[in-house]
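Take a look at the structure below.
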Amino acid sequence: EAQVTQNPRYLITVTGKKLTVTCSQNMNHEYMSWYRQDPGLGLRQIYYSMNVEVTDKGDVPEGYKVSRKEKRNFPLILESPSPNQTSLYFCASSSTPRGEQYFGPGTRLTVT
Amino acid sequence: AQSVSQHNHHVILSEAASLELGCNYSYGGTVNLFWYVQYPGQHLQLLLKYFSGDPLVKGIKGFEAEFIKSKFSFNLRKPSVQWSDTAEYFCAVNAPYGGATNKLIFGTGTLLAVQP
C-alpha cells in the first residue's frame with residue numbers, strides 16, 4: 001500500500017530535549033516536505049527536499065533541521081524544542097514538483 | 001508573495017443543504033489547484049485537483065470545484081451535504097515561489113459542521 005508513515009504519532013516532551021520525528025514514504029517520490037498545522041493558520045511549510053541531499057527552507061524553518069540521506073526518509077529534527085513548537089506536524093511527498101502531495105498521519109507534539 | 005484566502009472559517013449546515021466554500025489565490029501565472037479534506041483526527045486527503053483543461057473538476061464523494069481564472073478563484077461545491085462531510089477543508093495552490101519548485105501554499109481552512 002502506497003503510504004507516508006510518521007513516528008511517533010504523539011509526543012510530549014520538555015523544553016530543550018532534542019527530538020526527531022521520522023518520516024518515510026514507499027512511493028519512490030523525490031519531493032518531500034514538512035508542514036506544521038496550527039489553528040487558524042492552516043498548514044505552513046517548514047522544510048522541503050527535492051532529492052537526496054537537497055533540502056531548502058520553507059516558510060517557518062526556525063528551530064528545525066532536516067536531512068535527506070535516503071530517498072525514502074526525511075526526518076525532522078528539533079535540536080532544542082520550545083513551547084511555541086507545540087503543534088501538529090505533517091510529512092508529505094510527491095512525485096513531481098507541482099503535483100499532488102500525499103500526507104502522513106501526523107505527529108502531535110507538545111512541548112512543556 | 002503568493003497567498004490563498006478562504007473566506008469562510010466556520011460553516012454550519014443541515015444535512016441535504018448545498019455547500020459552496022470560497023477560495024481565492026493571488027498568483028497571476030500558471031497554477032495547480034487542490035482541495036484537501038481533513039476528517040476529525042485524520043490526515044489530509046485529496047478531494048480534487050485542477051492542473052489544466054476543463055475548469056469544472058469533479059472529485060471524490062460528490063464534490064466538485066470550478067476554476068475561474070479571471071477571478072483567481074477555485075470554489076468547492078457539493079449539492080447535498082451529509083453528516084459524514086463534517087471536516088476541515090483546505091484549499092491549496094502550487095505555484096513557482098522564488099527559487100522553489102515545490103511550494104504548496106495552503107489557505108487557513110474552513111471547518112464544516114453538518115447537523116443531522
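Every chain is numbered from 1 and lettered A, B, ... according to where its sequence line falls, protein lines coming before strand lines.
- Contacts between A/L43 and chain B at a heavy-atom distance below 4.5 Å involve backbone atoms as well as side-chain atoms.
- Contacts between B/E88 and chain A at a heavy-atom distance below 4.5 Å involve the side chain alone, from C-beta outward.
- A heavy-atom distance below 4.5 Å is found between the side chains of A/Q101 and B/Y36.
- Taking a 6.0 Å sphere around CD1 of A/I12, one finds it holds 12 or fewer heavy atoms contributed by other residues, nucleotides or ligands.
- Using a 4.5 Å cut-off between heavy atoms, B/Q38 touches chain A through its side chain atoms alone.
- Residues B/L104 and A/Y48 have side chains not in contact (no heavy-atom distance under 4.5 Å, counting atoms from C-beta outward).
- Closest heavy-atom contact between A/R98 and B/T30: NH2-O, 2.8 Å.
- A/V21 and A/V14 fall into different hydrophobic clusters, where Ile, Leu, Val, Met, Phe, Trp and Tyr residues are linked whenever their side-chain heavy atoms come under 4.5 Å apart, directly or through other members.
- Atom CG in B/L48 sits 10.5 Å away from atom CD in A/E100 (nearest 0.5 Å).
- Proximity to chain B among residues 75-83 of chain A is not found for any residue, judged by heavy-atom separations below 4.5 angstrom.
- A/L19 and A/Y10 fall into different hydrophobic clusters, where Ile, Leu, Val, Met, Phe, Trp and Tyr are joined by side-chain heavy atoms under 4.5 Å apart, directly or via other members.
- Note: the hydrophobic cluster containing A/V4 does not contain A/V66 (ILVMFWY, side chain heavy atoms under 4.5 Å, direct or indirect links).
- Rounding to the nearest 0.5 Å gives a distance of 11.0 Å between CD of A/Q37 and OG1 of B/T108.
- Side-chain heavy atoms closer than 4.5 Å link hydrophobic residues (I, L, V, M, F, W, Y) into clusters, and following such links, even through other members, never connects B/L111 to B/V4.
- Near-neighbour residues of residues 102-112 of chain A relative to chain B, defined by a heavy atom under 4.5 Å from a heavy atom of that chain, comprise A/F103, A/G104, A/P105.
- Under a hydrophobic-cluster definition in which Ile, Leu, Val, Met, Phe, Trp and Tyr are linked whenever side-chain heavy atoms come within less than 4.5 Å, directly or via other members, B/V81 and B/Y39 are assigned to the same cluster.
- Remark: B/F106 CZ to A/D59 CG distance equals 11.5 Å, nearest 0.5 Å.
- Between A/Q6 and B/H43 there is no side-chain heavy-atom pair separated by less than 4.5 Å.
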